[in-house]
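Basis for what follows: all heavy atoms, side chains included, without hydrogens, waters or symmetry-related copies. The shown structure was predicted, so the numbers you read here are calculated from the model rather than taken from an experiment.
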Amino acid sequence: MNDIVRLAGRPVVVGGGLAGLMTALELAPEPVVLLSAAPLGSEASSAIAQGGLAAAIGSDDSPELHLADTLAAGDGLCDETVVRRIVGAAPLAIERLAELGVAFDRDASRALSLGLEAAHARRRIVHAAGAATGRELMRALVTAVRNTASITIVEGFAARRLLVEDGAITGVLAEDGFGSTVFAGSRVVLATGGVGGLFRDTTNPLGCFGQGLALAARAGAAFADLEFVQFHPTALDGLLRPMRLVSEAVRGEGAVLIDETGRRFLADLPGAELGTRDAVARGVHRHLARGHRVFLDARACLGKSFADRFPTIAGYCHEAGIDPAHEPIPVRPAAHYHMGGVAVDREGRSTVSGLWACGEVASTGLHGANRLASNSLTEAVVMASWVARSVAASPEANRTVSALSQAPTRPDPREACDIVSSSLGVLREGTGLRAAATALLPIASGNSPAADPAAVALMMAVSALGREESRGAHCRSDFPLRSGVARRSRITLDAALQAAASLDTSPIARSA
């Protein structure tokens, strides 16, 4: 049997990235347990974020303009009420981070420096340390968390299961390499990040392969929009994994995409290099598929100032033997952000009593079918405040803990990664999605280390198969048009298992 730690009413926040740290800080002075598999911030996507936080701060900007850009990028699937609420709260979120010690980039007058990124009509991106925003966020917030007496930090424990009785949370089963421990409590916040580690080409830490989604799935939670995975169009093309990101801010400063002949092949795309991420990623993907190479050329716009403006990216390039002041940077699309996740309400509550989700693991309705650049860090900070308020207002329930006799095996995503990478990429089609779901079904139904990653991948594949249209980041070669009716998808693990079991994998004949 497992050791049981009774938390005396303290909620548990699972995850040491931006969403988890902010939720714990916003709960203060209420005591909270912060559970992290790795040292705080060290394996979180937040730590390597280059883009900043979008907020309507400039004198020529407004929340209404930010709203319009977000809705346009989301391609009909955003929840407008949620978008309006989050973009309205964004400027105060920047102030809150500054209070916590984040050193944002400022101009000579000490006003916040505002950058431009794709599909934004105004300069509204707040950065720190140039393109090292995530690193600065983690530095400041980890320090703040470690200095907050009400936060009990438990590092080195990986959550393996959520314990549920009668449809309600009773605790978290976690493992530390020596054994398993149950943290008994009726309030849990998932802040575990995304699914990029399920893809061979990804900018995410390889340990981010949907563990939080698997926890929620095994607990019976509902999910929304799992088919929508954003591929960043400009990851540094090379052998290193995770792939280094060449921030959109470089294109915001005027860098252009060219091929090996020097041709600017996306010049006719609406917005050109600053079109929506889904459109630019598809353009780059298709050009690569035709046998070309693709480069980001910043020589004319930045030249020798590249390293001053983007020191982190310059460092990545130099590691790869590239001088961006004098050479174009080889790039290709890579899985970057998951718009789908645990279905939550406006306070971050899931469909399981006692379970909240915050950050990339959640689907709030902000991003729709295609996240607007730099909205995700903003969302995590804003939602953390509302999640914390909701958790604090929900009294601890006295529930019986029935511990599992053994923790599930440490998950291994490699088997699912092979299937996901070939079927759920930038371009998809029905035959490949059906084959993927059929291959994932027995793995997800089993007890091997591949089971949990396969369960997450299965839900994504079934959701993608059900969306017979091309919208935002979900592009079906067999359904290239966008449906006239916009609908968000919903799924549970049980529903995905049933749908996959009933699939006919024989090709579907189509009339001309």
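- In the displayed structure, Asp308 atom CG is contacted under 6.0 Å by more than 12 heavy atoms of other residues, nucleotides or ligands.
- Legend: residues meeting ring-ring contact (aromatic ring centres under 6.0 Å, His included) with Phe310, ordered by chain and number and at least two apart, are Phe306.
- Residue Leu77 holds its CG atom at 9.5 Å from CE of Met339, rounded to the nearest 0.5 Å.
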Subject >> Full working for salt bridge (Lys or Arg N to Asp or Glu O under 4.0 Å) between Asp60 and Arg123 >> reply: CA-CA 9 Å; Asp60 63 343; Arg123 285 186 170 270; over 6 Å; no
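- Going from atom OG1 of Thr378 over to atom CD1 of Ile125 covers 7.5 Å, rounded to the nearest 0.5 Å.
- Using modelled atom types, one finds a donor on one side chain and an acceptor on the other under 3.5 Å when comparing Glu379 with Thr364.
- Considering only residues two or more places apart in sequence or on other chains, Glu136 meets the salt bridge (charged side-chain N to carboxylate O under 4.0 Å, His left out) condition with Arg139.
- Within the 4.5 Å cutoff, the side chain of Val280 has heavy atoms near those of the Arg251 side chain.
- Under a cut-off of 6.0 angstrom, the local environment of CZ in Arg487 is crowded, with over 12 non-hydrogen atoms contributed by other residues, nucleotides or ligands.
- Between atom OG1 of residue Thr148 and atom CG of residue Leu27 there is a gap of 11.0 Å, rounded to the nearest 0.5 Å.
- Ionic pairing of Asp225 and Arg490 is not present here: no N-O contact between side-chain nitrogen and carboxylate oxygen is shorter than 4.0 angstrom.
- Side-chain atoms of His474 come within 3.5 Å of backbone N or O of Arg467 as a donor-acceptor pair.
- Applying the salt bridge (charged side-chain N to carboxylate O under 4.0 Å, His left out) test to Arg106 and every residue at least two apart in sequence or in another chain returns nothing.
- Note that CG of Leu162 is 9.5 Å distant from CG of Leu173, once rounded to the nearest 0.5 Å.
- Remark: the Trp356 side chain and the Ser390 side chain contain an N/O donor-acceptor pair separated by less than 3.5 Å.
- Using a 4.0 Å cut-off between charged nitrogen and carboxylate oxygen, Glu155 and Arg146 count as a salt-bridge pair.
- Between Arg85 and Glu347 there is a salt bridge, with a side-chain nitrogen of the basic residue lying less than 4.0 Å from a carboxylate oxygen of the acidic one.
- You'll find the side chain of Leu40 reaches within 4.5 Å of the side chain of Ile153, heavy atoms only.
- Of all non-hydrogen atoms in Ala89 and Val382, the two that sit nearest each other are CB-CG1, 3.8 Å.
- What you find for Ala216 and Val342 is that their closest heavy atoms are CB-CG2, 3.8 Å.
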**OP:** Would you check, one step at a time, whether the test ring-ring contact (aromatic ring centres under 6.0 Å, His included) holds for Phe199 with Phe209?
**Re:** CA-CA 8 Å; Phe199 294 82; Phe209 50 82; over 10 Å; no
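- Every residue meeting the salt bridge (charged side-chain N to carboxylate O under 4.0 Å, His left out) condition with Asp75, not counting sequence neighbours, appears here in chain and number order: Arg482.
- Counting only residues at least two apart or in different chains, side-chain hydrogen bond (donor to acceptor under 3.5 Å, both in side chains) contacts with residues 87-99 comprise Glu26-Arg96.
- For residues 331-346, every residue pair satisfying the salt bridge (Lys or Arg N to Asp or Glu O under 4.0 Å) rule, not counting sequence neighbours, is listed here: Asp237-Arg332, Asp345-Arg349.
- At least one side-chain heavy atom of Leu21 sits under 4.5 Å from a side-chain heavy atom of Leu34.
- At a threshold of 4.5 Å between non-hydrogen side-chain atoms, the residues Thr202 and Met243 do not count as touching.
- For CG of Asp107, the number of neighbouring non-hydrogen atoms (other residues, nucleotides, ligands) closer than 6.0 Å is greater than 12.
- Heavy-atom minimum distance, Ala184 versus Ile4: CB-CG2, 4.1 Å.
- Screening residues 8-17 for salt bridge (Lys or Arg N to Asp or Glu O under 4.0 Å) gives no qualifying pairs among residues at least two apart or on separate chains.
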Subject >> Criterion side-chain contact (heavy atoms from CB on, under 4.5 Å) on Cys417 and Leu198, from CA distance to verdict >> reply: CA-CA 5 Å; Cys417 181; Leu198 289 177; 5.5 Å; no
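- Inspection of the Gln211 and Thr192 side chains reveals no N or O donor paired with an N or O acceptor under 3.5 Å.
- If you take CD1 on Ile48 and CG on Asn204, they are separated by 6.5 Å, rounding to the nearest 0.5 Å.
- Sorted by first and then second residue, the salt bridge (Lys or Arg N to Asp or Glu O under 4.0 Å) pairs with a member in residues 212-223 read Arg218-Asp452; sequence neighbours excluded.
- From Leu226, atom CG reaches atom OG of Ser363 across 8.0 Å, with rounding to the nearest 0.5 Å.
- Put simply, the side chain of Glu227 reaches to within 4.5 Å of the side chain of Ser489, judged on heavy atoms.
- Under the 30°/60° scheme for interplanar angles, the aromatic rings of Phe157 and Phe183 are found to stand perpendicular.
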Subject >> Candidate pair Leu97 and Val381, rule side-chain contact (heavy atoms from CB on, under 4.5 Å), full reasoning >> reply: CA-CA 8 Å; Leu97 288 171; Val381 177; 3.9 Å; yes
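- Contact check on Arg124 versus Glu117 returns no salt bridge, with no Lys/Arg side-chain nitrogen under 4.0 Å from an Asp/Glu carboxylate oxygen.
- In this view, Arg135 satisfies the side chain to side chain donor-acceptor pair (under 3.5 Å) rule with no residue, not counting sequence neighbours.
- A 4.5 Å side-chain heavy-atom check between Leu112 and Asp105 finds every atom pair outside the cut-off.
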Subject >> Residue pair Glu165, Thr170: steps toward the side chain to side chain donor-acceptor pair (under 3.5 Å) verdict >> reply: CA-CA 7 Å; Glu165 291 290 332; Thr170 60; 5.5 Å; no
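- For the pair Asn375 and His66, the minimum side-chain heavy-atom distance is below 4.5 Å.
- The ring-ring contact (aromatic ring centres under 6.0 Å, His included) search around His367 returns Tyr337, not counting sequence neighbours.
- Using a 4.5 Å cut-off on side-chain heavy atoms (C-beta onward), Pro63 and Arg84 make no contact.
- Looking at residues two or more places apart in sequence or on another chain, you find no ring-ring contact (aromatic ring centres under 6.0 Å, His included) involving Phe223.
- Applying the ring-ring contact (aromatic ring centres under 6.0 Å, His included) rule to His232 yields the partners His336; only residues at least two apart in sequence or on another chain are considered.
- By the 4.0 Å N-to-carboxylate-O rule, Glu175 lies close enough to Arg160 to be salt-bridged with it.
- Scanning all heavy atoms of the two residues, the minimum distance from Cys208 to Glu43 falls at SG-O, 3.9 Å.
- Pairing each heavy atom of Pro91 with each of Ala55, the nearest pair is N-CB, 4.1 Å.
- Side-chain contact of Arg244 with Thr203: a donor-acceptor pair under 3.5 Å is absent, judged by distance alone.
- Residue Ala159 comes nearest to Leu215 through the heavy atom pair CB-CD1, 3.8 Å, listed as atom of the first residue, atom of the second, then distance.
- For the residue pair Asp278/Thr276, the side-chain donor-acceptor check at 3.5 Å is satisfied.
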